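Before any comments, here is the structure.
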Amino acid sequence: MRLSEISQAALALIKAGMPIYTLTDFTDALPQDQESASIIGQHLQDSVRFGLKRVAVLNASNLMKMQYKRVSKGIDVEFFTSKVHALQWLRAR
C-alpha cells in the first residue's frame, strides 16, 4: 500500500476527529535509503498532527527497528512478533 493510499484511507478518521492507531507489518520490509526514510518520517510527523496516537510494528528486523525508531521520534511506537499482542497494545489506552 502506498503512502497516498494510506492517507486516503485515514481521511474518514481525520474528518471525524478520531484517534488513529496503526498496525504496520514489516515481515517483508527492507531497510530504506535515506531519502525514503525521511519521507516516511515526515509522513509520520504529519500523521501525528491529524490524530495518530500509536503505531504497532509487527515482525521488524533489528535494522528496521533501528531505522523506524529514528524516523518516529516522539511517536508512541512498539515492536511485536505477535499480531495478537500488537492489537492488544493498540487497543489499551
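Every value quoted in this text rests on a predicted model; they were computed, and no experiment measured them.
At a threshold of 4.5 Å between side-chain heavy atoms, the hydrophobic network of Ile, Leu, Val, Met, Phe, Trp and Tyr places Phe50 and Val71 in one connected group. In this structure, Ile39 is not a member of the same hydrophobic cluster as Met66, with clusters built from ILVMFWY side-chain heavy atoms closer than 4.5 Å.
Put simply, CG on Leu90 and CZ on Arg54 are 7.0 Å apart, with the number rounded to the nearest 0.5 Å. Considering CG of Leu63 and CZ of Phe26, their distance stands at 11.5 Å, rounded to 0.5 Å. The CG atom of Leu30 sits 7.5 Å away from the CE atom of Met64 when rounded to the nearest 0.5 Å. For the atom pair CG of Asp28 and OG of Ser61, the computed distance is 11.5 Å after rounding to the nearest 0.5 Å.
Taking the six-membered ring where the residue is Trp, Phe79 and Tyr68 present perpendicular rings, their angle passing 60° and hence far from 30°.
With a 4.5 Å cut-off on side-chain heavy atoms, Leu58 and Phe80 count as touching. His43 is listed as a side-chain neighbour of Ser47, based on a closest heavy-atom distance under 4.5 Å. A 4.5 Å side-chain heavy-atom check between Asn62 and Lys65 finds at least one atom pair inside the cut-off. Within the 4.5 Å cutoff, side-chain heavy atoms of Leu23 are placed close to those of Lys83.
Contact record, Pro31 with Gln67: CA-OE1, 3.6 Å, taken as the closest heavy-atom pair.
A donor-acceptor distance shorter than 3.5 angstrom exists from the side chain of Gln45 to the backbone of Lys73, with no hydrogens or angles considered.
Looking at Val55, Ile75, Ile20 one by one, the single match for side-chain contact (heavy atoms from CB on, under 4.5 Å) with Val48 turns out to be Ile75.
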